[in-house]
Protein chains: 2
Amino acid sequence: MAKENDFPEIDPDGPELVYMVVADHIAAKIERGDLKPGQRLPSELDLAGQYGVARMTIRRAMKELRDRGLIRSVHGKGTYVQVPESS
Amino acid sequence: MAKENDFPEIDPDGPELVYMVVADHIAAKIERGDLKPGQRLPSELDLAGQYGVARMTIRRAMKELRDRGLIRSVHGKGTYVQVPESS
DNA sequence: ATGCATTTGTCCGTATGTATG
DNA sequence: TCATACATACGGACAAATGCA
């Protein structure tokens with residue numbers, strides 16, 4: 001179980017955009033509370049390994065999540081789940 | 001007032017490089033005469049605290065100012081505003 | 001001469017930002 | 001989209017140089 005926690009199978013040749021699959025998967029974790037506000041996400045390199053995609057694809061997904069206001073990236077430190085207060 | 005003396009707000013997400021913002025800010029102080037030739041600057045650790053950045057970022061800014069010929073660093077002593085004579 | 005604090009110099013590891021092919 | 005490389009930035013640790021007690 002805890003299927004929601006597993007990493008989705010990603011078919012690079014599939015119709016859905018890879019970065020969007022990753023973004024939606026992480027977004028679901030955040031909205032489910034699996035990732036809590038202020039918590040740090042794994043590094044882009046780690047996520048790339050976990051999802052089996054390139055780092056640039058993870059970054060594209062991070063940009064998507066940033067645009068949705070779900071996360072916040074800090075140069076040299078990491079990426080964090082956005083805290084409602086700190087818009 | 002004395003707005004010129006205050007430390008600039010640094011937006012890590014901004015397009016400008018952090019070390020360049022710091023370098024330009026200190027350069028302005030020197031060129032304005034706020035920091036006089038021969039005068040010692042605060043230590044890198046102090047500057048890091050004042051600007052709210054890492055020491056390595058301050059060092060990167062110092063390197064920029066050294067390259068511009070505005071300052072001179074002495075191991076174990078400190079960093080000084082360059083005196084025109086001592087090129 | 002000895003130790004101590006301060007300051008710059010150097011290095012390491014990790015993480016994000018940017019650019020190219 | 002992937003793969004690679006480099007720049008920027010953070011944080012910590014230690015070395016080297018200076019000056020002082």
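Just so it is clear: chains get the letters A, B, ... in the order the sequence lines come, proteins before strands, and each one is counted from 1.
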Indicate, with a heavy-atom threshold strictly under 4.0 Å, whether Arg60(A) touches base, sugar-phosphate, or nothing. nothing

Does Arg55(B) get its side chain close enough to the base of dG12(D), under 3.5 Å, for a donor-acceptor pair? no

If you check every side-chain atom of Ser43(A), which of dT1(D), dA9(D), dT16(C) has the closest atom? dT16(C)

Can you measure Met56(B) atom CE to dT14(C) atom C1' for me and round it to whole angstrom units? 14 Å

In whole Å, what is the span from the CG atom of Leu45(B) to the P atom of dC10(D)? 14 Å

Taking only the side-chain heavy atoms of Lys77(B) (C-beta and beyond), determine which of dG9(C), dG19(D), dA5(D) contains the nearest atom. dG19(D)

Would you call the rings of His25(A) and Tyr51(A) parallel, tilted or perpendicular, where under 30° means parallel and over 60° means perpendicular? perpendicular

Ile71(B)/Arg66(B) under side chain to side chain contact (heavy atoms under 4.5 Å, CB included): CA gap, chis, key distance, verdict: CA-CA 5 Å; Ile71(B) 63 174; Arg66(B) 273 196 302 273; 3.8 Å; yes

Closest of dT16(C), dT18(C), dG9(C) to the Ser73(B) side chain is dG9(C)

Phosphate OP1/OP2 of dT16(C): any Thr79(A) side-chain N/O under 4.0 Å: yes

Check the distance between dT1(D)'s P and Lys63(A)'s NZ and give it to me in whole angstrom. 14 Å

In whole angstrom, what separates Leu41(A)'s CG from dA15(C)'s C1'? 13 Å

Flag the pair Arg55(B) / Leu45(B) as yes when at least one side-chain heavy-atom distance between them is below 4.5 Å, and no otherwise. yes

Stacking of His75(B) on dG9(C) base (centres under 5.5 Å, planes under 30°): no

Steps toward side chain to side chain contact (heavy atoms under 4.5 Å, CB included) verdict (Arg60(B), Leu17(B)): CA-CA 11 Å; Arg60(B) 186 63 186 80; Leu17(B) 301 179; over 6 Å; no

Quick one: Tyr80(B) OH to dT6(C) C1', roughly how many Å, whole number? 11 Å

One pair to check against side chain to side chain contact (heavy atoms under 4.5 Å, CB included): Met62(B) and Ile26(B). What are the steps and the verdict? CA-CA 9 Å; Met62(B) 295 293 108; Ile26(B) 295 179; 3.6 Å; yes

Atom CZ of Arg40(A) and atom C1' of dT14(C) are separated, to the nearest Å, by 8 Å

Looking at dT16(C), I'd like to know if its phosphate oxygens (OP1 or OP2) sit under 4.0 Å from a side-chain N or O belonging to Arg59(A). no

Considering only dT16(C), dT8(D), dC2(D), which nucleotide approaches the side chain of Glu44(A) most closely? dT16(C)

Closest approach to the side chain of Leu17(B), judged atom by atom: which nucleotide of dC10(D), dA9(D), dC2(D) is it? dA9(D)

Send over the distance from Leu47(B) CG to dT8(C) C1', rounded to a whole Å. 12 Å

To the nearest Å, give me how far apart CE (Met62(B)) and C1' (dT8(C)) are. 12 Å

